[in-house]
Colleague: 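Following this message is one structure expressed as C-alpha cells.
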Amino acid sequence: MTEDFGLTPSQTVGPFLHIALTWEDGNLVVPRDFPDAIRIVGTLYDGAESQIPDGLIETWQADPEGRFDHPDDLRGEKEPPEGFIAFGRATTLDGGHFEIVTAKPGPLPAGGGEIEAPHLNVSVFARGMLDRVVTRIYFSDEPEANAVDPVLNSVDPERRSRLIAEASAKDPATYLFDIYLQGEHESVFFEL
C-alpha cells in the first residue's frame with residue numbers, strides 16, 4: 001500500500017548550523033605565519049542590510065600554483081604546500097564579521113584552453129535560508145587575469161565588482177569582501 005503524504009517544507013540551514021560544523025581555527029586555510037598568507041575580511045548582511053551574527057562562510061580553493069590535491073585535477077595529483085588545507089569555514093561573529101586566512105590561489109585551467117583567474121569558491125549559510133548560496137571571491141590586484149576569466153565574464157559587467165575583493169589600503173595582505181544576501185547591493189550568486 002502506498003500513501004501519498006504530499007510535500008513538506010524544507011528545513012532552514014540555521015540558526016543551529018554552527019553545531020558540530022565549526023572547529024577552532026576553521027577559518028585558517030593556512031597558518032597565520034604561512035609565507036605570503038592573506039586575509040579575507042568582510043561582513044555578512046541580510047536583505048535589510050543588517051549584519052548577520054550567526055552565519056557561516058565556507059571557502060575552498062586551489063593552491064598557490066592553481067592546483068587541487070584531487071584525482072579530478074587533470075594535471076594529476078600533487079601534494080599541496082605544507083600547512084595548506086584548501087578548505088576553510090568561518091562563523092560570522094557579532095557584527096556579522098568574518099575572516100579567512102589563506103594563500104592566494106594561482107590561476108587554473110578552465111577547459112577549452114581558457115584560464116580562470118585566481119579565486120576562492122564560497123558557500124554562505126544563514127538562518128532562514130533553505131539552502132546555501134554560492135559565490136566566488138576574485139582579487140582586485142589581478143586585473144589581467146580577471147579580464148579573461150570565463151566565469152567572471154559571464155556576469156553582467158555592472159555586477160562584476162561584487163565578486164572582487166579589494167586590497168586594503170592599510171595592509172596589502174588584507175582583502176575586503178562583504179556579502180549581501182539580498183537587496184540593492186546583493187552579491188552575485190551562482191546556480192550549481
Side-chain angles (χ1 to χ4, degrees), residues 26-32 34-42 44 56-90 98-125 129 131-169 171-182 185-192:
N27 68 322
L28 301 181
V29 177
V30 297
R32 290 187 185 277
F34 189 86
D36 299 321
I38 61 170
R39 297 172 56 229
I40 309 288
V41 297
L44 178 63
L56 187 71
I57 310 297
E58 187 177 272
T59 65
W60 69 104
Q61 65 175 92
D63 71 14
E65 294 182 11
R67 299 181 68 109
F68 289 97
D69 180 26
H70 192 276
D72 288 345
D73 190 317
L74 299 177
R75 297 161 295 172
E77 294 181 66
K78 180 179 181 288
E79 287 293 318
E82 185 175 338
F84 176 82
I85 61 172
F87 179 79
R89 188 176 277 166
F98 64 90
E99 174 195 56
I100 298 285
V101 177
T102 189
K104 187 191 280 188
L108 57 154
E114 295 183 298
I115 301 292
E116 291 189 14
H119 67 275
L120 276 64
N121 300 298
V122 180
S123 288
V124 181
F125 301 82
M129 293 170 49
D131 201 357
R132 67 181 174 145
V133 289
V134 177
T135 188
R136 284 183 167 195
I137 299 174
Y138 291 89
F139 300 93
S140 62
D141 53 357
E142 298 282 351
E144 293 88 10
N146 291 343
V148 298
D149 183 276
V151 175
L152 192 56
N153 283 321
S154 71
V155 175
D156 181 338
E158 293 183 8
R159 301 189 71 211
R160 286 181 196 159
S161 64
R162 296 176 189 175
L163 290 166
I164 300 174
E166 292 293 329
S168 168
D171 177 7
T174 297
Y175 293 85
L176 312 174
F177 188 80
D178 292 336
I179 300 171
Y180 293 82
L181 295 177
Q182 293 179 311
H185 304 292
E186 182 178 320
S187 297
V188 174
F189 300 111
F190 298 97
E191 185 175 349
L192 298 180

Colleague: Can a donor-acceptor pair be found, under 3.5 Å and without considering hydrogens, that links the side chain of Arg32 to the backbone of Ala37?
Modeller: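 Side chain of Arg32 to backbone of Ala37, a donor-acceptor pair under 3.5 Å: no, none is there.
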Colleague: Of all the heavy-atom pairs spanning Pro31 and Val101, show the shortest one and how long it is.
Modeller: O-CG1, 4.4 Å
Colleague: What are the two closest non-hydrogen atoms of Pro118 and Pro105, and how far apart are they?
Modeller: CB-O, 3.0 Å
Colleague: Nearest 0.5 Å please: distance from the CD1 atom of Ile137 over to the CD1 atom of Ile40.
Modeller: 5.0 Å
Colleague: Less than 4.5 Å apart, side chain to side chain, heavy atoms only: is that true for Thr102 and Phe34?
Modeller: no
Colleague: Less than 4.5 Å apart, side chain to side chain, heavy atoms only: is that true for Phe177 and Ser140?
Modeller: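 No - every pair of side-chain heavy atoms lies 4.5 Å or more apart.
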Colleague: Considering all heavy atoms of both residues, which atom of Val134 and which atom of Ser123 are nearest to each other, and what is their separation?
Modeller: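 Nearest pair, atom of Val134 first, then Ser123: CG2-OG, 4.0 Å.
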Colleague: Are Ile38 and Tyr175 packed together at the side-chain level, in the sense that at least one heavy-atom pair is separated by less than 4.5 angstrom?
Modeller: yes
Colleague: Please check if atom CG in Asp156 has more than 12 non-hydrogen atoms from other residues, nucleotides or ligands closer than 6.0 Å.
Modeller: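 Atom CG in Asp156 is crowded, with more than 12 foreign heavy atoms closer than 6.0 Å.
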Colleague: If you measure from CD on Gln61 to CZ on Phe87, what distance do you get to the nearest 0.5 Å?
Modeller: 11.5 Å
Colleague: Is the side chain of Asn27 donor-acceptor paired with the backbone N or O of Glu99 at a distance under 3.5 Å, no angle test?
Modeller: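 Yes, because the side chain of Asn27 sits within donor-acceptor range (under 3.5 Å) of the backbone of Glu99.
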Colleague: After noting the C-alpha distance and the side-chain angles of Phe139 and Leu120, does the key distance pass the side-chain contact (heavy atoms from CB on, under 4.5 Å) rule?
Modeller: CA-CA 9 Å; Phe139 300 93; Leu120 276 64; 3.5 Å; yes
Colleague: Would you say the side-chain atoms of Arg89 pair up with the backbone N or O of Leu56, donor to acceptor, closer than 3.5 Å?
Modeller: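 Flag not set: sc Arg89 to bb Leu56 has no pair under 3.5 Å.
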Colleague: Keeping Glu114 on the side-chain end and Val148 on the backbone end, is there a donor-acceptor pair under 3.5 Å?
Modeller: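 Between the backbone of Val148 and the side chain of Glu114 there is no qualifying donor-acceptor contact (under 3.5 Å).
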Colleague: What's the separation between atom OG1 in Thr135 and atom OH in Tyr180, rounded to the nearest 0.5 Å?
Modeller: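 That separation rounds to 13.5 Å.
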Colleague: Grab the two heavy atoms, one from Ser161 and one from Glu158, that are nearest each other, plus how far apart they are.
Modeller: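 For Ser161 and Glu158, the tightest heavy-atom pair comes out as OG-O, 4.4 Å.
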Colleague: Is there a side-chain contact between Pro150 and Glu116 in this structure, where contact means two heavy atoms from C-beta onward sitting under 4.5 Å apart?
Modeller: yes
Colleague: Can any side-chain N or O of Arg159 pair as donor or acceptor with the backbone N or O of Ser187 at less than 3.5 Å?
Modeller: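 Between the backbone of Ser187 and the side chain of Arg159 there is a qualifying donor-acceptor contact (under 3.5 Å).
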Colleague: With respect to Ile100, which candidate in Val41, Val122, Val29 satisfies the side-chain contact (heavy atoms from CB on, under 4.5 Å) definition?
Modeller: Val29
Colleague: Give a yes or no answer on whether the side chain of Arg136 reaches the backbone of Leu163 with a donor-acceptor pair at less than 3.5 Å.
Modeller: no
Colleague: Side chains of Leu108 and Phe68, heavy atoms from C-beta outward: is any pair under 4.5 Å?
Modeller: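 Leu108 reaches Phe68 side chain to side chain.
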Colleague: So how far is it from Tyr138 OH to Leu152 CG, rounded to the nearest 0.5 Å?
Modeller: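 Answer for the OH-CG pair, Tyr138 versus Leu152, is 5.0 Å.
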Colleague: Just by distance, do the side chain of Arg160 and the backbone of Val155 share a donor-acceptor pair under 3.5 Å?
Modeller: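 At least one qualifying donor-acceptor pair exists.
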Colleague: Taking the basic N atoms (NZ, or NE/NH1/NH2) and the acidic carboxylate oxygens, is any pair closer than 4.0 Å for Lys104 and Asp141?
Modeller: yes
Colleague: Measure the spacing between CG of Leu176 and CZ of Arg39 and express it to the nearest 0.5 Å.
Modeller: 9.0 Å
Colleague: Is a donor on one side and an acceptor on the other found under 3.5 Å between the side chain of Asn153 and the backbone of Ala147?
Modeller: yes
Colleague: Taking all atoms of both residues into account, what is the closest heavy-atom pair of Ile115 and Pro109, and its distance?
Modeller: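 It is CD1-CA, 4.1 Å.
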Colleague: Atom CZ in Phe84, atom CG in Asp63: separation rounded to 0.5 Å?
Modeller: 5.5 Å
Colleague: Less than 4.5 Å apart, any side-chain heavy atom of Leu181 and any of Phe189?
Modeller: yes
